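Heads up, the thing below is written out as C-alpha cells.
Just so it is clear, the structure is predicted and the values come from calculations on it, not from any experiment.
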Amino acid sequence: MTAGRFDVVIIGAGAAGLWIANRLVAAGARVLVVHAPHAEGYSSTRNQGWLHSGALYAVFHAPGVTRECIAGSRLILDFAERYDRTLIADAEFCYVLGSPQQAEAAVAACREAGLDARPGGTRPQVQRLFARPAWTVTVPDRAVDATRLLRIPPSPDVPGRAWA
C-alpha cells in the first residue's frame, strides 16, 4: 500500500464495504479493499457491484468455485468490452493472512488458477488494524455497475446478453 497509490482503503469486504467500494470506483476513486477472511463464512457479493476474480476461492482451496468465478468474470468482462467498457472499473483486493506461509500458499494457489497475485509482505498499518501479525496478498478485481448492466435490454445485436 504505497502512499498516494489509493485514494481510499476500505477495511472489510462485507456488503457495506463492497457497496461503498463500487460507488467510490464509479466516482473515479482509486480504491483498495482489505479483507481478513474468517472461518464462519463469507458475505454475498452478488448485488454489491464487485466483480470477483475468483481469488478468494483459490486462496481457500475451492477449485470448482474458483473456475466458476473466473468464467463468470470473463463473461461479464467480455460483454462489457463489446457493449460498454464504462460498466467495469479496475480495483484491487487485498487478502490479510496470518503467516508468510499462508501468504505464499495463497499466491501459489492464485497463480495456479491463472490469477495474478502479488505478495505484499507484512504491513505495520495492517497489523495495527487487525491487532495481530498480518501478511498481505493483492489481486486485481473489478467493480461493475450492476444497476446499469442489468438494465441493458436483450438484443440480438448485443451478443452475450443471454446470461443476464
Side-chain angles (χ1 to χ4, degrees), residues 6 9-97 101-120 135-164:
F6 300 102
V9 176
I10 295 174
I11 307 302
L18 291 179
W19 180 83
I20 195 65
N22 182 48
R23 302 301 260 173
L24 288 166
V25 168
R30 295 169 300 169
V31 176
L32 173 68
V33 177
V34 178
H35 181 68
H38 50 82
E40 290 81 26
Y42 306 99
S43 62
S44 169
T45 59
R46 168 175 280 181
N47 298 315
Q48 307 315 319
W50 198 263
L51 187 53
H52 195 288
S53 67
L56 171 72
Y57 303 107
V59 168
F60 294 99
H61 309 290
V65 181
T66 301
R67 285 189 298 276
E68 289 178 22
C69 278
I70 292 169
S73 292
R74 286 186 182 144
L75 182 68
I76 293 169
L77 289 170
D78 289 347
F79 176 78
E81 285 294 331
R82 287 190 306 267
Y83 184 78
D84 181 355
R85 178 62 176 108
T86 66
L87 293 169
I88 307 294
D90 292 332
E92 286 190 332
F93 199 97
C94 182
Y95 292 93
V96 178
L97 300 157
Q101 294 81 11
Q102 288 177 333
E104 288 172 21
V107 169
C110 287
R111 290 182 178 165
E112 184 176 318
L115 300 167
D116 180 28
R118 296 174 308 282
W135 284 261
T136 62
V137 173
T138 303
V139 296
D141 270 359
R142 307 286 189 277
V144 60
D145 187 338
T147 303
R148 283 180 46 223
L149 182 71
L150 294 174
R151 287 186 183 151
I152 298 170
S155 171
D157 58 324
V158 181
R161 182 62 176 115
W163 58 265

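Scanning for side-chain contact (heavy atoms from CB on, under 4.5 Å) contacts around Ala106 gives Val59, Leu97, Val137, with sequence neighbours left out. The side-chain contact (heavy atoms from CB on, under 4.5 Å) test applied to Ala26 returns no partner, not counting sequence neighbours. Residues meeting the side chain to side chain donor-acceptor pair (under 3.5 Å) test with Glu112, sequence neighbours left out: none. For Arg67, there are no side chain to side chain donor-acceptor pair (under 3.5 Å) partners, not counting sequence neighbours. When the side chain to side chain donor-acceptor pair (under 3.5 Å) test is applied to Asp90, the partners found at least two apart in sequence or on another chain are Arg142. Applying the salt bridge (charged side-chain N to carboxylate O under 4.0 Å, His left out) criterion to Arg111, with sequence neighbours excluded, gives no partner residue.
Contact record, Cys110 with Ala117: CB-CB, 3.5 Å, taken as the closest heavy-atom pair. Contact detail for Asp116 and Pro140: the closest heavy-atom pair is O-CD, 3.2 Å. Contact detail for Arg85 and Ala89: the closest heavy-atom pair is NH1-N, 4.4 Å. Minimum heavy-atom separation, Gly54 to Thr66: O-CG2, 3.7 Å.
Remark: Ile11 CD1 to Cys94 SG distance equals 8.5 Å, nearest 0.5 Å. Once rounded to the nearest 0.5 Å, the distance linking CD1 of Ile88 with OH of Tyr83 reads 13.0 Å. Once rounded to the nearest 0.5 Å, the distance linking CG of Leu115 with CD1 of Ile70 reads 4.0 Å. The OG atom of Ser53 lies 11.0 Å from the CD atom of Glu92; values are rounded to the nearest 0.5 Å.
Annotation: side chain of Asp141 is not in contact with side chain of Val33 (no heavy-atom distance under 4.5 Å).
Between Tyr95 and Phe93, the ring-plane angle classifies as tilted under the 30° and 60° cut-offs.
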